[in-house]
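Structure record follows, encoded as structure tokens.
Keep in mind that this is a model prediction, so the values were computed, not measured. Counting starts at 1 for both ligands and their atoms, in listed order. In what follows, residues are counted from 1 in the order of the sequence shown.
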Amino acid sequence: MVCGIVGYVGERSALDVIVDGLKRLEYRGYDSGGVAVVADGALASVKRAGKLANLEKALAEYPLPAATTGLGHTRWATHGAPNDRNAHPHLDALGQVAVIHNGIIENFASLRAELEDSGVTFASDTDTEVVAHLLAAEVAAGTDLADAMRAVCRRLDGAFTLVAVHAATPGRVVAARLNSPLVVGLGDGETFVASDVTAFIAHTREALEMSDGQVVEITAEGATLTDFDGAPVPEKRYHVDWDVAAAEKDGYDYFMLKEIAEQPRAVADTLLGRVNDAGEVKLDEMRLSDEELREVDKIIIIAAGTSYYAGLVAKYAIEHWTRIPCEVELASEFRYRDPIVTQRTLVVVISQSGETMDTLMALRHAREQGARVLAICNTNGATIPRESDAVLYTRAGIEVAVASTKAFLTQIVACYLVALYLAQVRGTKWGDEVVTVLGDLAAMPDAIASVLDEMEPVRELARSMASATSVLFLGRHVGYPVALEGALKLKEIAYMHAEGFAAGELKHGPIALIEDGIPVFVVVPSPRGRSVLHDKIVSNIQEVRARGARTIVIAEEGDETVVPYASHVIRVPVCPTLMQPLVAVVPLQVFACEMASSRGFDVDQPRNLAKSVTVE
Ligand code: F6R
């Protein structure tokens, strides 16, 4: 679950700050919203299913009293349908405590039964509501709200961020986290808690990191942190180095378009400062010694969704450059197959958000088995990098659109840097070879920019196909994960049936799907160096074309062999085979985006999906 969470104490209108914060968190995906404020010794709360506009309408109809303490929530349903009654906040029977929650309380059923036995009536189907009743009972027995939160947290299993206020204690908000994100914002005479800094970046850039198993109490003056037993914990403050403008659309219709356009910059930033004057890769932040890296005898890449596809691309480079066997595994499958992991295994976890629960759990499993874990992540201070032995940040900047784009490219580049570093340390590539590949990488931002300059025909193509019911994607070698990614993009935002295949697999089944007029994208490898592969895919294009497919061929500049069999050719610049995914995926991103918008869908917040998936 990826609910948006905001809590505020200060001098301003809590409601204004909270609603603004919730809007900034909209990109996380949600299906209902709600707020509660503490005023005149009472709680006032409004919540509504649907978009925040519904909540705002309700707030206009039923205005809340002026207040400077409150909390707000956008919910992504897990327990209970996305309706008004299941929306957060949840209050206890006497309306003294209001609670919002992200995550899942795994033992909620037994807690609910216990409360019901003691006479409590529940007003929702959520797991969250048990917390409101438990907190209220503690406070009614004379316990201070922060102590009550600690006591309740000790009884909960699962993953949660909780934020609570009490009618009798204006000026105080209490929050807790376990395996679910929460940060504290420290302003001047005002303090915030939120799922991420986007919610309060307009007010302060000073933040306090919270670790799992901690409770924080905020007042206008600041924050007090303890563990679940009440022992003080040291504060870890940090300064957020991006501003609110970075989280806005910059004139683009959608965040996704803005983020696609940012890819040349993002790739350049991933490379920035990671090559020294001698042309060697330097990864100061690696925190793994050269000795440890020389001992590695196997690499396992673990990730989900688009990040997994970045891992599939990286495998080709890692094995080619380092000669270390590399497996790529879906995070949600990894720990259930009794994987062979030793102290000599390097596990690379890839995650844009750094909070994906499947990936986090796989990471923990790998570490328990003794593996060293390197995180490739886009979010500073997120849980996954914090729990890894080493981290390489992708530096793509905030990715707001649910469909991942710039994260994918920068993850590939970050993996390549790791592969080159390993090759350098282990001597599997000569220094001048590393310099050549780094030169190829350095040329990619311009190559990506040149693809972006030629995207109007791709947009036209998408518009012309808006009524298609199914689109297929074919690729070989590194083009295969690109095909998978092209299909995923189309599924998630244009809600179309789309499948990616290894082109060689066509004859083993999928070719039966080819019928008159079906659009088939084909990612064609360069004819240089990989001529066998190239010839084979040209045959595949012929095969589908002969059966009536509309072939959309992504091919290198100057590759004329594909032209006779292509209904449409999309050109990408000449570049080495392993670099081609960085340019070939761009038209597929643009195609999906235009397809979604011409079919009238919400490009940035597709249905049923959320930006950061913090449940398994
Ligand atoms: C697809 C997409 C998802 C994510 C996946 C992993 O566009 O965004 O498939 O790639 O949920 O997320 P991270 O990388 O945050 O672990």
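The residues E454 and R571 are annotated as not salt-bridged, no charged nitrogen and carboxylate oxygen being separated by less than 4.0 angstrom.
Taking atom 5 (C) of ligand 1 as the reference point, the nearest protein heavy-atom neighbour is A304 O, 3.5 Å.
Side-chain contact between T74 and E26: absent, with no pair of heavy atoms (C-beta onward) separated by less than 4.5 Å. Side-chain contact between R367 and D389: present, with at least one pair of heavy atoms (C-beta onward) separated by less than 4.5 Å.
The closest non-hydrogen atom to atom 13 (P) of ligand 1, taken over V613, L609, T356, comes from T356. Of the options V402, T306, T359, T405, the smallest heavy-atom separation from atom 8 (O) of ligand 1 is shown by V402.
If you look at E492 next to ligand 1, the close heavy atoms, those under 4.0 Å, all belong to the side chain.
Heavy atoms of K489 come nearer than 4.0 angstrom to ligand 1 in at least one pair.
Residue-ligand proximity, Q352 to ligand 1, at heavy-atom distances under 4.0 Å covers atoms 13 (P), 14 (O), 15 (O), 16 (O). Listed by number with element, the atoms of ligand 1 under 4.0 angstrom from any heavy atom of S307 are 10 (O), 13 (P), 14 (O).
Checking L582, V418, D269 one by one against V413, the side chain to side chain contact (heavy atoms under 4.5 Å, CB included) holds for a single residue, L582.
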Which atom pairs, one a donor and one an acceptor, fall under 3.5 Å between side chains of residues 495-502 and the rest of the protein, sequence neighbours left out?
unit_1	atom_1	unit_2	atom_2	d
Y495	OH	R607	N	2.8
H497	ND1	S470	OG	2.7
H497	NE2	E499	OE2	3.4

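Pairs of residues two or more places apart, or lying in two chains, that qualify as salt bridge (Lys or Arg N to Asp or Glu O under 4.0 Å) and include a residue from residues 375-388 are E209-R386, R364-E387.
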